[in-house]
Number of protein chains: 2
Amino acid sequence: MRSISKSTLQRLPIYLSFLKQHCDSEFVSATVISKALSLNDVQVRKDLAAISSSGRPKVGYCRCTLILELENFLGYNDNENAVIIGVGNLGTALLNYEGFEQYGLQVIAGFDIDESKIDEKRKIFHISKLKDLCKRLNIHIGIITVNVEQAQLCCDELVDAGITAIWNFAPTHLNVPSYVHVQRENMAASLAILSRHIKDNKNN
Amino acid sequence: MRSISKSTLQRLPIYLSFLKQHCDSEFVSATVISKALSLNDVQVRKDLAAISSSGRPKVGYCRCTLILELENFLGYNDNENAVIIGVGNLGTALLNYEGFEQYGLQVIAGFDIDESKIDEKRKIFHISKLKDLCKRLNIHIGIITVNVEQAQLCCDELVDAGITAIWNFAPTHLNVPSYVHVQRENMAASLAILSRHIKDNKNN
DNA sequence: TGTTTATCGATAAAAAATTATTTATTTGCA
DNA sequence: TGCAAATAAATAATTTTTTATCGATAAACA
């Protein structure tokens, strides 16, 4: 069960959301899932084998059990706290967005350099308070929503504050110590893929 | 040059942002880029070969040329218009966010079912006006920021309105005709990877 | 009870992506 | 001019990921 591949890990939340939305049947087979999601059935089975052992021939997987196993594996049940650096447009949205809670992520504070943005009632603090708060509340996840120019600086602050996992919305590479994991939310890449599709459509 | 791989396509914006930030030298080699971004140098060279032919032995690539080639390839120079469905927290942020313009994406209108959210001055319209507007302005890209329950419905509306590329922020699978491309912004997956990293850290 | 069928799980094959190696080219310099 | 160094480009090897195949198992049903 050790070392699950990144591609598998990315598909697990998709399975989970499918299972939650299609609550009618008690048992679900990999075949059904794969068809609904336009994937290969062996792939689904393999992915699920990595986190579950409740599959039964001819029957499939017990939906409820599978949901629980997925949620546990994905950490939706053990709540993690996170902080955001950069309370601009995107940062504010993420700070107020309640959708992450269902994934076990609680964004508990935002930080910014800009004094005018600080509003402690709304949990927005000056960046000078970052380290103290992270240490005190034992926070491991930091979200970067500043611009490209400030991203590395903020990243260093986060690392200094004891953060070990960074969710980076700035379209840039970050240098971090090897024990820190950086997850790039690569919106530029998504856009690139989209616009490529449009272009290809036009040329064919 | 035909058929560039998805993984390559995802790395191109990273190269571009690196090149733009490090403007000092006239020429850049794949070796330099790979080291700065912690990638394999052959991989960088291969990726760049797909979109450029300006690499010269002993010299590298002309930075400016490469930037232009990347921008052109990624479509940053031909502006595309897009609409958003779902003007909640995230939708509003994206609607107001100006950062996408640099990627050639102009979000020109938001749509919602909720009458109370409609504010035509702020370019937020009722969903009933979607099709007309898309057809009139020849819009190809739609962004979905509604919740899971409504996502497929909105998706169908977009397809009906002539959209051929969908950027889906709802954590769910969408069924579309084969000519429509869906790009899932898989935040749940990112979170899964992050929280897995935290978990692994704790267990080791 | 035996047969059929759907499905899992394991193994094998194929395809794709990454990394290593070799070759050729260009520049700088003795 | 000739040699050394840096690097792109081509090719080969390796690894990873995806897809296909096959055997085993459990349920349904005659």
Side-chain angles (χ1 to χ4, degrees), chain A residues 1-15 18-19 22 25-67 69-70 173 184 186 189 192-193 196, chain B residues 1-15 18-19 22 25-67 69-70 173 184 186 189 192-193 196:
Chain A
M1 203 208 91
R2 205 68 300 238
S3 104
I4 190 164
S5 90
K6 206 177 142 189
S7 7
T8 293
L9 200 44
Q10 299 205 46
R11 280 188 297 268
L12 295 181
I14 308 184
Y15 302 148
F18 169 77
L19 290 173
H22 300 266
S25 56
E26 197 185 345
F27 290 92
V28 203
S29 76
T31 322
V32 168
I33 298 176
S34 70
K35 273 184 187 142
L37 302 178
S38 323
L39 295 171
N40 180 284
D41 63 324
V42 181
Q43 185 170 68
V44 174
R45 214 167 282 128
K46 240 181 174 176
D47 287 344
L48 294 182
I51 58 126
S52 169
S53 50
S54 64
R56 276 160 56 203
K58 176 78 183 180
V59 179
Y61 304 82
C62 167
R63 219 192 88 254
C64 296
T65 312
L66 197 51
I67 288 179
E69 287 171 319
L70 279 165
H173 175 82
R184 229 173 99 92
N186 202 343
I193 294 172
R196 195 98 277 276
Chain B
M1 204 207 91
R2 207 66 302 238
S3 104
I4 191 162
S5 90
K6 206 177 142 191
S7 7
T8 293
L9 200 44
Q10 299 204 45
R11 279 188 297 268
L12 295 182
I14 308 184
Y15 302 148
F18 169 76
L19 290 172
H22 299 267
S25 56
E26 198 184 342
F27 290 92
V28 203
S29 75
T31 322
V32 168
I33 298 176
S34 69
K35 273 185 187 141
L37 303 178
S38 323
L39 295 170
N40 180 284
D41 63 323
V42 180
Q43 185 171 68
V44 174
R45 214 167 281 129
K46 243 182 173 174
D47 288 343
L48 294 182
I51 58 125
S52 169
S53 50
S54 65
R56 277 158 57 202
K58 175 79 182 179
V59 180
Y61 304 83
C62 167
R63 218 190 90 256
C64 296
T65 312
L66 198 51
I67 288 179
E69 288 172 320
L70 278 165
H173 175 82
R184 230 173 98 92
N186 201 342
I193 294 172
R196 195 99 279 275

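Given the structure is predicted, the values throughout are model-derived calculations rather than measurements.
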Checklist entry - Please walk me through it: do A/I14 and B/R184 pass side-chain contact (heavy atoms from CB on, under 4.5 Å)? => result CA-CA 10 Å; A/I14 308 184; B/R184 230 173 98 92; 3.4 Å; yes

Output yes when a side-chain donor or acceptor of [X] lies under 3.5 Å from a complementary backbone atom of [Y], and no otherwise.
| X | Y | result |
| --- | --- | --- |
| A/R56 | A/Y61 | no |
| A/S25 | A/V28 | no |
| A/S34 | A/T31 | yes |

Rounded distance (nearest 0.5 Å) linking atom [atom1] of [X] with atom [atom2] of [Y]:
| X | Y | atom1 | atom2 | value |
| --- | --- | --- | --- | --- |
| B/I193 | A/L12 | CD1 | CG | 10.0 Å |
| A/C62 | A/E69 | SG | CD | 8.5 Å |
| A/R63 | A/F18 | CZ | CZ | 9.5 Å |

Item to check | First and last nucleotide of DNA chain D, 5' to 3', lying under 4.0 Å from heavy atoms of chain B | outcome: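 With heavy atoms of chain B under 4.0 Å away, the range is D/dA5 to D/dA12.
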
Checklist entry - How many Å lie between CZ on B/F27 and P on C/dG28, as a whole number? => result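 It is 10 Å, rounded to the nearest whole Å.
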
Checklist entry - Start at the 5' end of DNA chain D and walk down; is the nucleotide closest to B/S52 or to A/K6 reached first? => result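 First, find each residue's nearest nucleotide; the 5'-ward one identifies B/S52.
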
Next on the checklist: Please give me the minimum heavy-atom distance between A/A30 and A/R45, naming the atom from each residue.
Outcome noted: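 What the structure gives for the nearest pair is CB-NE, 3.7 Å.
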
Item to check | Minimum heavy-atom distance A/A189-B/P13, with the two atoms named | outcome: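 Of all heavy-atom pairs spanning A/A189 and B/P13, the closest is CA-CG, 3.9 Å.
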
Anything under 3.5 Å between a protein N or O and an N or O of nucleotides 18-23 of chain C, put it in a table, one pair a line.
{"residue": "C/dT18", "atom": "OP1", "partner": "B/R11", "partner atom": "NH1", "Å": "3.1"}
{"residue": "C/dT18", "atom": "OP2", "partner": "B/R11", "partner atom": "NH1", "Å": "3.4"}
{"residue": "C/dT18", "atom": "OP2", "partner": "B/R11", "partner atom": "NH2", "Å": "3.0"}
{"residue": "C/dT18", "atom": "OP2", "partner": "B/Q43", "partner atom": "NE2", "Å": "3.3"}
{"residue": "C/dT18", "atom": "O5'", "partner": "B/Q43", "partner atom": "NE2", "Å": "3.1"}
{"residue": "C/dT19", "atom": "O4", "partner": "B/K46", "partner atom": "NZ", "Å": "3.4"}
{"residue": "C/dA20", "atom": "OP2", "partner": "B/N40", "partner atom": "ND2", "Å": "3.4"}

Checklist entry - Does the side chain of B/T8 reach to within under 4.5 Å of the side chain of B/I51, using non-hydrogen atoms? => result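 A side-chain contact under 4.5 Å is absent here.
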
Under 3.5 Å donor-acceptor pairs involving side-chain atoms of residues 37-44 of chain B, not counting sequence neighbours:
{"residue": "B/N40", "atom": "OD1", "partner": "B/V42", "partner atom": "N", "Å": "2.8"}
{"residue": "B/N40", "atom": "OD1", "partner": "B/Q43", "partner atom": "N", "Å": "3.2"}

Next on the checklist: At a heavy-atom distance below 4.0 Å, what parts of residues 55-65 of chain A sit against DNA chain D?
Outcome noted: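 Contacts with DNA chain D under 4.0 Å: A/R56, A/P57, A/K58, A/V59.
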
Item to check | Residues that A/R11 engages under salt bridge (charged side-chain N to carboxylate O under 4.0 Å, His left out), provided they are two or more places apart | outcome: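 A/R11 satisfies salt bridge (charged side-chain N to carboxylate O under 4.0 Å, His left out) with A/D47 only.
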
Checklist entry - By a strict heavy-atom criterion of less than 4.0 Å, which residues belonging to residues 29-38 of chain B are in contact with DNA chain C? => result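 Result for residues 29-38 of chain B: none.
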
